[in-house]
Novice: 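Structure incoming, see below.
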Amino acid sequence: MQSPTLSATTTLAEGLRLPTNGLDYAILAIYFVVVLGIGFAARRSVKTSLDFFLSGRSLPAWVTGLAFVAANLGATEILGMAATGAQYGVAVVHWYWIGAIPAMVFLGLVMMPFYYRSKVRSVPEFLLQRFDKSAHLLSSILFAFAAILIAGVNLYALSIVVEALLGWPQWVAIVVAGAFVLAYITIGGLSSAIYNEVLQFFVILAALIPICIIGLKRVGGWGGMSDSLKAQHGDNFMSAWGGTGIGDANPLGANWLTIILGLGFVLSFGYWTTNFAEVQRALSAKNLSAAQRTPLIAAFPKIFIVFLVMIPGMVAAVLVPKIGGAGSDLTYNDAIPYLMQELLPNGVLGIAVTGLLAAFMAGMAANVSSFNTVFTYDIWAKYVKTDKPDGYYLKFGRAITAIGVVLSIGTAFIASSFSNIMGYLQTLFSFFNVPMFVVFIIGMFWKRASMKSGVWGLLAGTSAAMINYFYIYKQGVIDIPTDQGANFVSAIVGFVAGAVVMVVVTLFTAPKPEAELAGLVYGTTAPGLEEPPAEGDDAWYRRPALLGWGAIVVAALCYLPYSL
């Protein structure tokens with residue numbers, strides 16, 4: 001079965017070269033100038049390492065909230081989810097309304113108070129406070145490794161898309177994008193990355209909205225598109241849950257149980273609650289209330305972004321009925337590039353190309369900025385060069401940023417060994433984020449969890465997920481229809497293995513002294529860490545609980561038309 005997500009072994013269709021002109025390239029050049037300008041403007045606020053790595057914990061919630069959603073809105077998601085829409089139809093909503101919103105709300109309401117009040121500068125640093133140095137060091141190494149791999153995914157995806165659409169050689173696209181990300185992060189630190197992500201969020205919307213509007217008009221609106229797709233693929237193509245009964249065959253290769261547990265709980269919560277590339281945006285907020293609101297503010301645009309990535313794929317499936325099949329030169333991956341070529345006039349085309357590049361750069365910048373923080377604070381400052389003055393770590397942070405970009409360029413080519421990039425990303429999440437999530441969730445809610453249980457839970461979860469994927473799935477020990485289905489199962493296996501090992505190890509090892517758990521376990525509060533709400537934070541729209549429940553209700557209401 002052909003993957004619906006961005007292929008890493010084949011480029012996009014050769015016939016998709018875009019008819020760009022001077023106006024389009026002028027728009028692209030203006031964008032790059034603005035990006036660097038933001039970096040130089042942010043430089044003035046960087047005086048300490050905390051300014052460089054966490055923006056001095058000074059940013060307002062609306063800025064961190066938009067950056068939070070933009071950091072995830074990479075072009076691999078845009079192209080991959082459009083491809084998913086072309087092949088699976090509205091089933092793509094699962095990745096948003098089940099696979100994102102509940103976890104984002106949980107992060108804001110439950111986990112951010114632990115992160116922010118404990119004054120940690122990174123996610124792995126929380127494990128140092130809750131467990132011990134072994135859990136901290138292992139989680140730091142695993143996260144730094146995963147961040148570089150994921151940054152490389154964005155660079156490689158950028159290169160194959162730009163080569164197909166604009167004719168630039170792959171190495172030129174990689175070097176240009178890497179150089180710009182390196183420049184504005186090195187100059188302005190996290191503030192530069194975050195403010196550029198806010199800009200990139202609106203540029204991405206400006207690219208996707210015209211494609212959706214013009215595309216729907218071309219196929220007769222939503223009704224015309226729905227009728228055509230039902231005639232081609234059956235009624236389940238326009239139903240989120242159609243064909244997902246246990247024992248039923250469907251293209252996803254997953255039933256409702258694995259969708260809810262594998263995607264909706266384990267993978268989703270593992271990514272959104274422990275992935276420092278996201279959590280770092282919330283930690284840079286000016287107070288606890290703003291930190292809690294960061295993922296909740298991001299949840300509202302996340303609810304509706306699914307339409308901007310799903311509709312282009314479905315429109316392409318109407319305009320090219322055999323897309324992805326043997327009778328067409330276009331793959332599912334070509335959905336958005338095909339519509340850009342067919343529908344957009346020059347000028348608007350330049351905005352769309354800029355939006356794609358912005359999306360790639362946002363995804364890469366999020367991972368590079370989180371990598372430099374974890375490597376500097378959690379590895380170098382803790383275990384290599386301790387007790388150095390703050391200025392030393394500021395300089396080291398800028399140096400390791402450059403090294404991280406270079407390493408990302410190298411790991412970009414690791415992605416080429418996988419059949420698809422989105423599947424590769426989901427595989428990485430099941431290996432690294434899910435084991436970290438089980439350690440966090442047990443550590444936060446079970447005081448008895450011992451100091452040594454953290455590191456053994458991480459090892460067991462990561463090992464079990466890898467064994468399931470590379471041996472049980474790849475060697476055919478158990479028949480799992482698709483890579484996506486295998487990733488869901490690997491996530492569940494990793495979660496269960498990590499949890500079981502943590503419980504067993506806890507029974508035979510000493511717990512952390514209860515006095516040291518204050519503020520780190522649910523139901524406890526460390527003296528001096530209570531934080532009164534900032535002035536004006538009592539307004540209803542600033543209350544995290546109301547924002548969180550509102551996001552869940554809106555997402556559930558959006559589900560209703562596609563659940564029948």
Side-chain angles (χ1 to χ4, degrees), residues 99 102-103 106-107 110-111 114-115 122-147 149 257-258 260-276 279 374 378 425-473 478 480 486-512 517 520-522:
F106 184 82
L107 171 65
V110 178
M111 296 186 72
F114 290 99
Y115 285 140
S122 70
V123 168
E125 191 174 5
F126 183 87
L127 293 185
L128 176 63
Q129 295 189 14
R130 175 59 184 87
F131 295 101
D132 59 8
K133 285 187 175 181
S134 57
H136 171 250
L137 180 59
L138 178 59
S139 65
S140 300
I141 293 173
L142 288 176
F143 177 81
F145 182 63
L149 288 175
L257 186 62
T258 54
I260 292 175
L261 292 182
L263 174 63
F265 177 60
V266 181
L267 274 173
S268 171
F269 278 67
Y271 175 81
W272 290 104
T273 65
T274 66
N275 181 22
F276 187 49
V279 176
V374 168
D378 294 289
L425 287 175
Q426 296 289 329
T427 302
L428 292 179
F429 296 153
S430 69
F431 291 170
F432 300 118
N433 291 94
V434 169
M436 195 174 296
F437 171 64
V438 70
V439 172
F440 266 84
I441 206 69
I442 290 179
M444 282 183 172
F445 288 92
W446 189 30
K447 288 194 293 185
R448 178 64 179 84
S450 68
M451 291 187 291
K452 292 300 179 185
S453 67
V455 66
W456 288 107
L458 280 173
L459 283 172
T462 301
S463 300
M466 289 183 173
I467 290 171
N468 180 79
Y469 186 83
F470 290 114
Y471 177 68
I472 295 178
Y473 167 57
I478 295 178
I480 303 176
N487 288 331
F488 295 165
V489 174
S490 294
I492 295 171
V493 169
F495 183 89
V496 172
V500 169
V501 168
M502 285 190 72
V503 172
V504 172
V505 171
T506 293
L507 297 178
F508 295 95
T509 55
K512 201 176 185 77
L517 296 178
L520 302 175
V521 179
Y522 194 78

Novice: Let me know which of Phe269, Phe114, Trp272, Phe440 forms a ring-ring contact (aromatic ring centres under 6.0 Å, His included) with Phe106.
Specialist: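 Testing Phe106 for a ring-ring contact (aromatic ring centres under 6.0 Å, His included) against Phe269, Phe114, Trp272, Phe440 leaves exactly one candidate, Phe269.
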Novice: Looking only at non-hydrogen atoms, find the nearest pair between Pro124 and Ser140 and report the distance.
Specialist: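 Heavy-atom minimum between the residues: CB-OG, 3.4 Å.
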Novice: Looking only at heavy atoms, which two atoms of Val501 and Ala460 are closest? And how far apart?
Specialist: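 Nearest heavy atoms, Val501 then Ala460: CG2-CB, 3.4 Å.
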Novice: Between atom NE2 of His136 and atom CG of Asp378, what is the distance when rounded to the nearest 0.5 Å?
Specialist: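 His136 NE2 to Asp378 CG: 3.5 Å, rounded to 0.5 Å.
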Novice: Let me confirm one number: the CG-CZ distance from Leu149 to Phe432, rounded to the nearest 0.5 Å.
Specialist: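 Separation between the atoms: 6.5 Å.
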Novice: Nearest 0.5 Å, please: how far is CH2 in Trp456 from OG in Ser134?
Specialist: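 One finds 9.0 Å between OG of Ser134 and CH2 of Trp456.
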Novice: Using modelled atom types and a 3.5 Å cut-off, is there a donor and acceptor pairing between side-chain atoms of Asn433 and backbone atoms of Met436?
Specialist: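 Looks like no, no N/O pair under 3.5 Å.
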Novice: Are any non-hydrogen side-chain atoms of Phe143 and Val123 less than 4.5 angstrom apart?
Specialist: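 Contact flag for Phe143/Val123 side chains = no.
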Novice: Run the ring-centre check on Phe265 versus Phe437 and record whether the distance is less than 6.0 Å.
Specialist: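 Distance test on ring centres: under 6.0 Å, yes.
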Novice: Between Val503 and Trp446, does the side-chain contact (heavy atoms from CB on, under 4.5 Å) criterion hold? Intermediate values first, please.
Specialist: CA-CA 10 Å; Val503 172; Trp446 189 30; 4.1 Å; yes
Novice: Above 12 or not: heavy atoms from other molecules or residues under 6.0 Å from CZ of Phe445?
Specialist: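 Yes.
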Novice: Locate the shortest heavy-atom distance separating Thr273 from Ala103; write the atom from each residue and the value.
Specialist: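 Closest pair (atom of Thr273, atom of Ala103, distance): CG2-O, 3.9 Å.
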Novice: To the nearest 0.5 Å, how far apart are CG in Leu137 and CG in Leu127?
Specialist: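 One gets 11.5 Å once the value is rounded to the nearest 0.5 Å.
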Novice: Could you give me the CA-CA distance, side-chain angles and deciding distance for Val374 and Phe276, then say whether side-chain contact (heavy atoms from CB on, under 4.5 Å) is met?
Specialist: CA-CA 9 Å; Val374 168; Phe276 187 49; 3.6 Å; yes
Novice: Roughly how far apart are Met502 CE and Phe131 CZ, rounded to 0.5 Å?
Specialist: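 That separation rounds to 4.0 Å.
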Novice: Ring centres of Phe431 and Phe470 under 6.0 Å apart?
Specialist: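 They qualify: ring centres under 6.0 Å apart.
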Novice: Locate the shortest heavy-atom distance separating Ser139 from Leu458; write the atom from each residue and the value.
Specialist: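 In terms of heavy atoms, the two residues are closest at CB-CD1, 3.8 Å.
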Novice: Could you measure the distance from the CD atom of Gln129 to the CG atom of Leu517? Nearest 0.5 Å is fine.
Specialist: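 Output value for this atom pair is 11.0 Å.
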Novice: Scan Met444, Arg130, Lys512, Arg448 and name whichever one has a side-chain contact (heavy atoms from CB on, under 4.5 Å) with Val521.
Specialist: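 Among the candidates, only Arg130 passes.
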Novice: Grab the two heavy atoms, one from Ala464 and one from Gly494, that are nearest each other, plus how far apart they are.
Specialist: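 Taking Ala464 first and Gly494 second, the nearest heavy atoms are CB-CA, 4.4 Å.
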Novice: Are the side chains of Val279 and Met111 in contact, using a 4.5 Å heavy-atom criterion?
Specialist: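 The answer is no; the side chains never approach within 4.5 Å.
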